[in-house]
Protein chains: 2
Amino acid sequence: MNYLGNKLRELRASKGLLLRQVAAYIEVDTALVSKLERGERKAKRGHVEALAKIFKVNEKELITLWLADQVFDLVKDEEVANDVLKVAESELKYVKSSAKE
Amino acid sequence: MNYLGNKLRELRASKGLLLRQVAAYIEVDTALVSKLERGERKAKRGHVEALAKIFKVNEKELITLWLADQVFDLVKDEEVANDVLKVAESELKYVKSSAKE
DNA sequence: ATTGACTTGTCAAATTTTGACTAAAGTAGA
DNA sequence: TCTACTTTAGTCAAAATTTGACAAGTCAAT
């Protein structure tokens, strides 16, 4: 339920960096980075992008996790959660079949 | 991209109701109902519930569309949109396999 | 006890959402 | 056309949510 945060913490560990170093790099408070990693706060897109840079990973990969966590939050307590994803998928297919708009 | 709104308009038409009548029932301004139907404003859960009642349809059905539209909005402009849904699905599976939390 | 890494709590500021209100635009009948 | 009525568009203040710094706290190692 916090795929992005887990990933960020993994990455940071693998580089042997401290919260404070990551925080300095993305120009936020150390406490905020801690919260992002633990999913207590939602990152902004800009944060995710900066983090992808510092960790030298594909930005899309992190953005995907970032969005997935948000989608998850939206439906996690719903019994219709799976149906929701199905319908959303069909909406996506619909627009991508380039029915304009 | 506005499955709920379209559905609401269909339902209203099928019952031969005016915006003003629906609005009175759910106790909001007529203009708001118009906007909900056209997806210009996001309904609140309570609105969706009330609308399910007035139209005598399964509440879950409308809630599903309501949530799906929100998920769609979140990912519609993302190239990773489909991946996002996949990951979200896996997050869902993970929690439902009752790994606690 | 001190130091350093991380976490937690708080809060004001900033941003976003909300929905009524008003006015405009569209529609149909006389 | 005139008129009555439905629907849509624009505006805006109030309400709700988000944001992130700051300060204080915990914890581990020394």
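Order of the sequence lines fixes the chain letters, A, B, ..., with proteins taken first and strands second; residue numbering starts at 1 for each chain. For the numbers below, each heavy atom of this structure counts, side chains included, while hydrogens, waters and symmetry mates do not.
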For this session: Answer yes or no: does a side-chain N or O of H47(A) lie under 4.0 Å from OP1 or OP2 of dT19(D)?
Result: no
For this session: Output yes when at least one side-chain N/O atom of R45(B) is less than 4.0 Å from OP1 or OP2 of dT18(C), else no.
Result: no
Exercise. For E79(B), does the CD atom sit with more than 12 other heavy atoms under 6.0 Å from it, leaving out its own atoms?
Worked result: no
For this session: Could you check which of dA5(C), dC12(D), dT19(D) has an atom nearest any side-chain atom of R41(A)?
Result: dT19(D)
Exercise. Reckon R38(A) touches a base, only the sugar-phosphate, or nothing at all at heavy-atom distances under 4.0 Å?
Worked result: base
Problem set entry | Of the listed nucleotides dC22(D), dT8(C), dC21(C), the one nearest the side chain of E40(A) | dT8(C)
Exercise. Does R9(B) place a side-chain N or O at less than 4.0 Å from the phosphate oxygens OP1/OP2 of dT6(D)?
Worked result: no
Exercise. Can E49(B) and K53(B) be counted as an ion pair, charged N to O under 4.0 angstrom?
Worked result: no
For this session: Kindly say whether, by distance alone, the side chain of K35(B) makes a donor-acceptor pair under 3.5 Å with the base of dG10(D)?
Result: yes
Exercise. Is the shortest side-chain N/O distance from S34(B) to OP1 or OP2 of dT7(D) below 4.0 Å?
Worked result: no
Exercise. Over how many whole Å does the gap from Q21(B) atom CD to dT7(D) atom C1' extend?
Worked result: 14 Å
For this session: Just call it for K44(B): base, sugar-phosphate, or nothing, with non-hydrogen atoms closer than 4.0 Å on any strand.
Result: sugar-phosphate
For this session: May I ask you to evaluate whether T30(A) reaches the phosphate of dC6(C), defined as a side-chain N or O under 4.0 Å from OP1 or OP2?
Result: no
For this session: Please tell me which of the listed nucleotides, dT19(D), dT7(D), dG19(C), lies nearest to the side chain of K42(A)?
Result: dT19(D)
Problem set entry | L19(A) CG to dA21(D) C1', straight-line distance once rounded to whole Å | 16 Å
Exercise. Side chain of A31(B): nearest nucleotide among dC22(D), dC6(C), dT22(C)?
Worked result: dT22(C)
